[in-house]
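A quick write-up on the structure given underneath.
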Amino acid sequence: MGSTTKAHLPKDFLWGFATASYQIEGAPHEDGRADSIWDTFCRIPGKIADGSSGDVACDSYHRYKEDVALLKSIGAKAYRFSISWSRVIPLGGRDDPVNEKGLQYYVDLVDELHANGIEPLITLFHWDLPQTLHDRYGGFLNQEEYVQDYVRFARVMFKAMGSKVKMWITYNEPWCSSILGYSIGQFAPGHTSDRKKSPVGDSSIEPWRVGHSILISHGAAVKVYREEFKSSDGGEIGITLNGDWVEPWDANDPKDVEACERKLEFSISWFADPIYKGEYPASMRKQLGDRLPSFTDDERALVQGSNDFYGMNHYTADYIKHLESAPEPDNFNGNLETSKTNKEGHAIGPETQSPWLCPYAPGFRKLLKWISDRYDRPIMYVTESGTSLKGENDKTRDEILEDDFRVEYFRDYVNAMAEASTFDDVDVRGYMAWSLMDNFEWAEGYETRFGVTFVDYEGGQKRYPKKSARVIGEIFSSMCE
Ligand code: GBH
């Protein structure tokens with residue numbers, strides 16, 4: 001008689017929630033915090049859908065104890081949050097003063113988490129670069145200056161947290177900082193070649209330089225952690241990369257199949273190949289030539305082997321159609337079109353409030369395996385995954401709290417991950433749902449909600465757990481054995 005194994009996750013699987021500083025904290029000028037590029041970007045008319053900003057957001061600067069109590073009530077084992085660099089070092093630079101009050105906020109948050117038995121995961125950088133560094137020398141575009149400033153910031157944080165923090169993430173989604181910030185111009189600082197959107201920027205060159213600076217600074221910070229802190233503090237450090245799964249638009253067209261691989265390389269391997277293999281993917285070099293920087297020997301030594309774990313953010317999938325024409329200079333995805341429907345007109349998944357997000361859980365399993373296979377089975381943590389709901393913000397509070405669509409998303413995605421873990425030899429050890437609560441959804445403002453908790457922005461930021469907040473714990477307890 002054959003036995004059947006049920007998809008499951010390890011008993012000590014780490015699950016919890018993720019947030020980011022600018023999306024939840026508010027208090028932009030309290031206790032010495034200075035502007036980040038997102039504070040200034042939000043002030044430019046037309047950049048944020050509802051004209052809002054993170055000025056108040058979830059008010060987590062004042063309500064972090066409530067946030068931790070909420071996490072505890074849901075049963076979360078871990079909480080991933082990010083540091084506002086300009087709260088800790090308002091002027092950002094390596095010779096600028098540390099703002100003790102700003103730093104203390106994060107120490108208090110970590111202490112509060114520990115007091116409640118919740119593991120802190122710290123993201124050093126989730127897009128909110130100190131404005132001064134942008135003004136002083138062009139931020140990421142000045143690799144020489146930037147790397148030194150980032151390393152100093154990282155060292156200040158490692159030192160302040162000592163052995164209290166066992167998991168460090170250097171960057172959240174460098175693809176977004178590079179492409180959305182310096183090619184499309186949809187995110188701060190809004191650089192693009194499109195002069196209708198921005199007076200500055202060169203989409204054919206800047207995103208690739210930005211990506212390179214980020215990689216080098218990641219490697220340099222990891223070196224500092226390993227040399228100065230790891231032996232005493234015993235933590236792990238890595239980077240978080242975003243990536244969507246891909247299916248060919250026409251499954252019978254080998255060029256669409258090939259384009260799928262190219263799309264994964266241009267979005268994921270752009271950063272992961274240098275970290276695991278020491279070089280940018282050949283497909284990128286072929287299309288971009290010298291516009292893609294090269295690694296010096298010293299740089300390669302910093303970057304290669306710099307991940308203790310692979311941080312994976314994953315939400316959705318696309319159909320991919322190759323393009324016959326030569327790539328445009330501004331092309332950033334491998335010369336192809338993405339679509340939510342295939343040749344037969346079949347949609348990859350249901351619509352949500354986010355045009356880019358149509359849930360397709362089987363793609364999660366496939367992408368976990370693709371990454372695991374390409375990079376020799378790294379330890380993986382899913383550092384974000386979640387969904388918005390079409391029209392959620394137009395409903396009454398009572399209706400919003402019954403978020404069955406989100407419940408099903410987590411059920412399907414966690415199950416897909418368990419299948420990858422059980423059947424595909426993927427070493428995945430954690431899952432942080434995006435997000436603990438509704439928050440400032442970048443260029444979408446507050447119109448799009450991603451939380452398992454409803455935040456009443458008109459009612460003093462009061463929090464109301466949705467159905468998904470209750471169910472997610474049941475999903476994990478049934479899966480972890
Ligand atoms: C995450 O990125 C972010 O880390 C998090 O801060 C954010 O709140 C969350 O997503 C939800 O959006 O508009 O067509 O150019 C997820 C990966 C990659 C998703 C870029 C949106 C923009 C596509 N993101 N993508 S488009």
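One-based numbering, in listed order, for ligands and for the atoms of each. Numbering starts at 1 and runs along the sequence shown. Fair warning: this is a prediction, and the values are worked out from it, not measured in the lab.
Cation-pi geometry between K321 and Y319 is not met: the NZ or CZ atom fails to fall both under 6.0 Å from the ring centre and inside 45° of the normal. Both the sub-6.0 Å distance and the 45° axial angle are satisfied by R87 relative to the ring of Y61.
For the pair Q287/F266, a side-chain contact is recorded, criterion being any heavy-atom separation below 4.5 Å from C-beta on. Between V156 and V88 the shortest side-chain heavy-atom distance falls below 4.5 Å.
If you number the atoms of ligand 1 from 1 as listed, the ones under 4.0 Å from a heavy atom of N242 come out as 18 (C). Those atoms of ligand 1 with a heavy atom of W175 less than 4.0 angstrom away are 20 (C).
Under the 4.0 angstrom criterion for non-hydrogen atoms, Q23 is in contact with ligand 1.
To the nearest 0.5 Å, atom CE of residue M312 and atom CE of residue M432 are 14.0 Å apart.
At least one N or O atom of E441, backbone or side chain, sits closer than 3.5 Å to an N or O atom of ligand 1. Taking any N or O of E384, backbone or side chain, at least one lies under 3.5 Å from an N or O belonging to ligand 1. Considering backbone and side-chain atoms together, W442 places an N or O closer than 3.5 Å to an N or O of ligand 1. Taking only nitrogen or oxygen atoms, main chain and side chain alike, N172 reaches within less than 3.5 Å of ligand 1.
A salt bridge does not link E351 to K340: none of the charged side-chain nitrogens sits closer than 4.0 Å to a carboxylate oxygen.
When non-hydrogen atoms are compared, ligand 1 lies under 4.0 Å from the side chain of C176 (C-beta onward) but not from its backbone.
Within the set W434, Y22, Y315, the minimum heavy-atom distance to atom 10 (O) of ligand 1 is found for Y315. For atom 22 (C) of ligand 1, the nearest non-hydrogen atom from the set L180, T383, D318 comes from L180.
In this structure, the protein non-hydrogen atom closest to atom 13 (O) of ligand 1 is Q186 NE2, 3.3 Å. Nearest protein heavy-atom contact of atom 14 (O) of ligand 1 is W356 CB, 4.1 Å.
Put simply, the residue from Y150, F271, W85 that forms a ring pair (Phe, Tyr, Trp, His ring centres under 6.0 Å) with Y171 is Y150.
Centroid-to-centroid, the aromatic rings of Y413 and Y431 stay 6.0 Å apart or farther.
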